[in-house]
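Please read the structure below before turning to the comments.
In what follows, every chain begins at residue 1, and chains take the letters A, B, ... in the order their sequences are listed.
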There are 2 protein chains.
Amino acid sequence: MDGPHRGNGPVTREKLIDAAGEIFAEKGLHGASIRDITKRAGANIASVNYHFHDKFELYTLVLRQAHEGVAEAMNQPLRADTPEGRVRELLSAMLTSALDPSRPKWHRQLVSRELLDPTPALDLMQDIMQRPCERLWEVVREIRPDLSEQQFMLTVSGVLAQCLFHVHHGHIARRMFPGVSGPSLRTLVDHISEFSLAALRGLHARGSRGRRSPARAPVARPTTGAKRRKSPRGKG
Amino acid sequence: MDGPHRGNGPVTREKLIDAAGEIFAEKGLHGASIRDITKRAGANIASVNYHFHDKFELYTLVLRQAHEGVAEAMNQPLRADTPEGRVRELLSAMLTSALDPSRPKWHRQLVSRELLDPTPALDLMQDIMQRPCERLWEVVREIRPDLSEQQFMLTVSGVLAQCLFHVHHGHIARRMFPGVSGPSLRTLVDHISEFSLAALRGLHARGSRGRRSPARAPVARPTTGAKRRKSPRGKG
DNA sequence: GCACCTGTCAAACGAAAGTTTCAAAACTTC
DNA sequence: GAAGTTTTGAAACTTTCGTTTGACAGGTGC
């Protein structure tokens with residue numbers, strides 16, 4: 001179990017992925033070095049290029065693994081009867097999977113980095129964001145079918161923004177309000193639901209400007225192919 | 001005016017700062033290279049180490065310049081009579097200075113990067129966020145003095161989150177809703193104000209749990225000293 | 001036992017990074 | 001104009017990066 005060569009194939013591979021996830025989350029694609037990753041994984045320098053082709057392929061694989069849990073949580077059916085209940089259910093699913101403490105912390109951090117950096121693997125991020133946007137759009141339209149198209153976009157963005165903030169920028173809130181205890185998952189879901197639903201009820205329809213909401217949510221279709229770059233520098 | 005050496009001292013320095021701002025915003029601290037920066041600035045490679053000590057000192061200087069405009073816009077007095085008016089005024093000041101088209105785009109991008117990366121210059125970010133948090137907290141307390149401390153935090157965070165989203169993650173909204181025209185600054189301020197105020201009116205006070213709001217906003221005090229690292233590697 | 005494939009290891013590779021050097025050019029001061 | 005300071009220039013420096021190499025240890029099938 002602890003010998004140097006003992007069918008370690010998948011073991012070393014997984015240790016590399018875990019170490020790479022942590023270090024990529026800490027320092028980003030450019031800031032992390034293969035020597036750091038292999039050192040933390042307890043593996044040889046050449047192991048990255050052996051198990052994965054190059055650094056960037058390891059990065060995209062790690063990123064894909066980080067975003068999978070969130071993406072699949074978004075596809076579960078909503079069972080609540082009322083649109084208000086479905087809003088809450090949707091937010092609960094999003095935040096629960098995103099803040100799941102059993103998952104390693106670098107999952108959030110990596111996705112957070114990618115949401116900012118549109119460069120390396122933007123299509124993966126679209127996979128994450130598309131379903132919540134679609135479903136939120138639909139539920140919001142059930143509650144307030146009289147809003148303009150732009151109001152829909154701004155409202156959905158506002159709800160998503162609150163979730164994204166607590167998921168990806170929680171450290172800011174913790175730093176700005178050090179005296180206030182951090183909210184539990186339940187409290188978070190309750191507050192954002194109540195806050196957003198109250199706002200939705202009080203919003204005035206902006207009749208004149210903008211078209212009415214279309215029958216279908218005008219959300220970007222996903223790039224299912226997920227066109228991947230071959231190398232970060234396109235050298236080989 | 002276009003000769004090789006013509007009192008270029010501060011000229012080269014400023015060109016370096018501008019070029020560094022753009023490239024740092026594009027690629028981050030690690031991704032940007034001094035060769036790229038000096039090439040875009042039309043200067044020699046050694047000029048960065050001559051005018052600034054090293055790469056990191058140039059980075060912090062550029063970051064400080066990027067955040068100054070936003071920080072000072074937050075200190076202007078609020079003139080509106082009603083608390084609701086002051087909320088709108090506050091949001092308008094924040095978004096106007098943050099989205100001011102006359103400022104170079106890399107100001108936003110750099111701050112956006114730093115909001116994510118807690119590593120290099122976190123105190124600068126606190127300078128940016130502290131005043132909006134304080135003032136929002138106070139105005140929200142005027143409107144709804146019955147809310148619990150945690151509800152205040154969540155509400156202020158929610159309002160800030162909407163602003164941050166449109167300032168720093170606008171590309172996500174544009175990508176997710178390609179059919180909807182991006183909102184103007186005026187529309188944005190109107191919507192976030194109306195949305196948040198409607199939510200604030202409809203929020204139920206959570207009486208039992210959490211203490212009531214204190215007389216003073218429990219916002220983190222700024223680190224005025226802004227302790228700066230001497231070098232990215234601490235070598236010399 | 002032999003060939004074969006899989007993994008691991010230490011070492012080295014070329015490229016690119018940040019930094020330093022030093023001479024020449026421009027500017028300032030007298 | 002000469003001396004001294006400031007700024008620029010091209011080149012080289014050291015370090016570190018991602019990647020490659022080739023040898024060697026384990027496992028497997030014949």
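Distance, A/Ile34 CD1 to D/dT15 C1': 17 Å, rounded to whole Å. Atom NE2 in A/His53 sits about 18 Å away from atom P in D/dG18, given to the nearest Å. The interatomic distance linking A/Asp36 (CG) with D/dT16 (C1') rounds to 11 Å, in whole Å. Separating the CZ atom of A/Phe56 from the P atom of D/dT19 is a distance of 11 Å, rounded to the nearest angstrom. Straight-line distance from the CG atom of B/Leu16 to the C1' atom of D/dT8: 12 Å, rounded to whole Å. What separates CZ of A/Arg35 from C1' of C/dC13 is a distance of 11 Å, to the nearest Å. Atom C1' of nucleotide D/dT16 and atom CD1 of A/Ile37 are separated by 15 Å, given to the nearest angstrom. To the nearest angstrom, C1' of C/dA16 lies 11 Å from NZ of B/Lys55.
Applying side chain to side chain donor-acceptor pair (under 3.5 Å) to B/Ser196 and the options B/His191, B/Gln162, B/Arg88 leaves one that passes, B/Gln162.
For A/His51, a side-chain nitrogen or oxygen approaches OP1 or OP2 of C/dT8 to under 4.0 Å. Side-chain N/O atoms of B/Ser33 include one lying less than 4.0 angstrom from OP1 or OP2 on C/dA17. Side-chain N/O atoms of A/Asn49 include one lying less than 4.0 angstrom from OP1 or OP2 on D/dT19. For C/dG7, neither phosphate oxygen OP1 nor OP2 lies less than 4.0 angstrom from any side-chain nitrogen or oxygen of A/Asn44. Side-chain nitrogen and oxygen atoms of B/Thr12 include at least one within less than 4.0 Å of the OP1 or OP2 phosphate oxygen of D/dT8.
Side chain of B/Ser97 to backbone of B/Met94: a donor-acceptor contact under 3.5 angstrom is found. Here the side chain of B/Lys55 pairs a donor or acceptor atom with the backbone of B/Leu29 at under 3.5 angstrom.
A salt bridge between A/Arg131 and A/Glu134 is present, with a side-chain N of the basic residue lying under 4.0 Å from a carboxylate O of the acidic one.
When each of C/dG7, C/dT19, D/dT19 is scored by its nearest atom to the side-chain atoms of A/Tyr50, the top-ranked nucleotide is C/dG7.
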